[in-house]
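Below you'll find the structure, written out as structure tokens, and then a few comments.
Counting starts at 1 for both ligands and their atoms, following the listed order.
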Amino acid sequence: RCKQAGRSGFSFFEAGMEVAALRRAKIEDELRSALAEDRIQAHFQPLVRLEDKAVIGYEALARWCMGDGTCREPEDFITIAEEAGLISDIFYAVLRKAARAARSWPGDMKFSVNLSPVQFNDPWLVERILQILVDEGIAPGRLEIEVTENALVGDFQIARDVLWVLKKQGIHISLDDFGTGYSSLRHLSELPFETLKIDRSFISNLSSDETAQTIVRTVTSMAHSLGLSVTAEGIDSVDNAMTVTEYGCDVGQGFLFGRPEARGITGDRTEETDADNEAAVPDDPHRK
Ligand code: C2E
Ligand code: MG
Ligand code: MG
Ligand code: MG
């Protein structure tokens, strides 16, 4: 409170905190409404096999959409959702929408969904994932769950057990944003990862950054030795695509191949033309 408002910087600071807390409470309320009103959507970004540029699947990314058609991006709400206990509901909404969308894609196309570390505390996680797949009629083998290294910092045993159970059900597991968090190579080998996604911070300035080049080349070769497939994130130029292909990366993802889109899904041709599906750099970088 601002009991001694004005004079002391301390009370001024407190007032600022209160405004921030109120603002956050408001966002939480709005997020709850958005969930209740089914306004948490999945947007899809293509995953492209580098050797022949075929789209082999899509990553589903959460979007909080407003009545006017605009959507908020994850950086505006994921952390708040994690702290407010809403991240599981967001995950289930995205998973359900992605599974539903995948029904109209070719049967071998996969989709990935991001799992928050907080969700390892959800005792119903595995059952609910499997139930959603059953409800939507999607084989577990088409789903990939993406976790970041940070997911392994908390209770490693629980994370490991849950990931192994998912893997035994046929669900694929990938390690997202590799190279940005805490990673122990031992942990890597104890977990059922099939894919390692190299963070886009290593890819974005690949042509000028020799250290990044060495890292991408070495990490790719290490991953292959461990039997993992490698996805390069954040490919935004032809030059990047050529370099990571040359380094042996298997799959590419990035604005060059396609931005996250509400649709634009191969196989769902009723509402779009073939030209919309072509990998190209969209002209408006701020399109959501
Ligand atoms: P991520 O899982 O690493 O997803 C990739 C992010 O990189 C997406 O941002 C995508 O738009 C962006 N990206 C892809 N290609 C490029 C590129 O060429 N250049 C640049 N500059 N960016 C590119 P988005 O959709 O804003 O998501 C950000 C992060 O939010 C995700 O990173 C993921 O960690 C988190 N997130 C998204 N959806 C969910 C969700 O449903 N649950 C949870 N827990 N986290 C989510
Ligand atoms: Mg974004
Ligand atoms: Mg991801
Ligand atoms: Mg990533």
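Side-chain contact between Thr195 and Val230 is absent, with no heavy atoms from C-beta onward closer than 4.5 Å. A 4.5 Å side-chain heavy-atom check between Glu28 and Leu31 finds every atom pair outside the cut-off. Using a 4.5 Å cut-off on side-chain heavy atoms (C-beta onward), Phe178 and Thr231 make no contact. Residues Ile171 and Ile129 are in side-chain contact: their nearest non-hydrogen atoms beyond the backbone lie under 4.5 Å apart. Between Ile27 and Trp64 there is a side-chain heavy-atom pair separated by less than 4.5 Å. Counting heavy atoms from C-beta outward, Arg142 and Trp105 have side chains that approach closer than 4.5 Å. Looking at heavy atoms from C-beta onward, Ile215 lies in side-chain contact with Thr211 at the 4.5 angstrom threshold. Taking 4.5 Å as the limit, some side-chain heavy atom of Met109 sits within range of a side-chain heavy atom of Tyr58.
Of the N and O atoms on the side chains of His172 and Glu194, at least one donor lies less than 3.5 Å from an acceptor on the other residue. Inspection of the Asp161 and Gln157 side chains reveals no N or O donor paired with an N or O acceptor under 3.5 Å. Side-chain polar atoms of Glu59 and Ser112 form no donor-acceptor pair below 3.5 angstrom. Between the side chains of Gln45 and Gln253, a donor-acceptor pair is found at a separation under 3.5 Å. Thr70 and Asp68 form a side-chain donor-acceptor contact under 3.5 Å, judged by distance and modelled atom types alone.
Contact annotation for His43 and ligand 1: no heavy atom of the residue comes within less than 4.0 Å of the ligand. For Asp176, every heavy-atom contact with ligand 1 shorter than 4.0 Å involves the side chain, none the backbone. Contacts between Arg63 and ligand 1, counted as non-hydrogen atom pairs separated by less than 4.0 Å, involve the side chain only. The proximity of Ile235 to ligand 1, defined as any non-hydrogen pair under 4.0 Å, is limited to the backbone. With a 4.0 Å cut-off on non-hydrogen atoms, Glu59 touches ligand 1 through its side chain and not its backbone. With a heavy-atom cut-off of 4.0 Å, Arg259 does not touch ligand 1 at all. Contact annotation: for Asn114 versus ligand 1, heavy atoms closer than 4.0 Å belong to both the backbone and the side chain.
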Notebook entry, point to check: Stepwise, does the side-chain hydrogen bond (donor to acceptor under 3.5 Å, both in side chains) test hold for Asp239 with Ser237?
Noted result: CA-CA 5 Å; Asp239 198 53; Ser237 70; 5.1 Å; no
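Interface of Glu73 with ligand 1, defined as ligand atoms under 4.0 Å from a residue heavy atom, comprises 26 (O). In the vicinity of Ser116, heavy-atom distances shorter than 4.0 Å reach the ligand 1 atoms 44 (N). For ligand 1, the atoms lying closer than 4.0 Å to a non-hydrogen atom of Asp236 are 18 (O). Every atom of ligand 1 with a heavy atom of Gln45 under 4.0 Å away is listed here by number and element: 10 (C), 14 (C), 15 (N). Atoms of ligand 1 lying under 4.0 Å from any heavy atom of Pro260, numbered from 1 in the order shown and given with element: 11 (O). Taking a cut-off of under 4.0 Å to the non-hydrogen atoms of Asp177, the atoms of ligand 1 that pass are 3 (O). The contact set between ligand 1 and Glu233, taken as ligand atoms under 4.0 Å from a residue heavy atom, comprises 3 (O).
Close N/O approach between Val94 and ligand 1 is not found [any backbone or side-chain N/O within under 3.5 Å]. Polar contact check, Ile90 against ligand 1: no nitrogen or oxygen pair lies under 3.5 Å apart.
Residue contacts with ligand 1 do not include Glu75, since none of its heavy atoms lies under 4.0 Å from the ligand. Within the 4.0 Å heavy-atom shell around ligand 1 one does not find Lys197.
Distance check: Glu146 CD to Asp176 CG gives 4.5 Å after rounding to the nearest 0.5 Å.
The nearest N/O/S atom of Glu59 to the Mg ion (ligand 3) is OE2.
Looking only at protein N/O/S atoms, the ones less than 2.8 Å from the Mg ion (ligand 4) make 4 in total.
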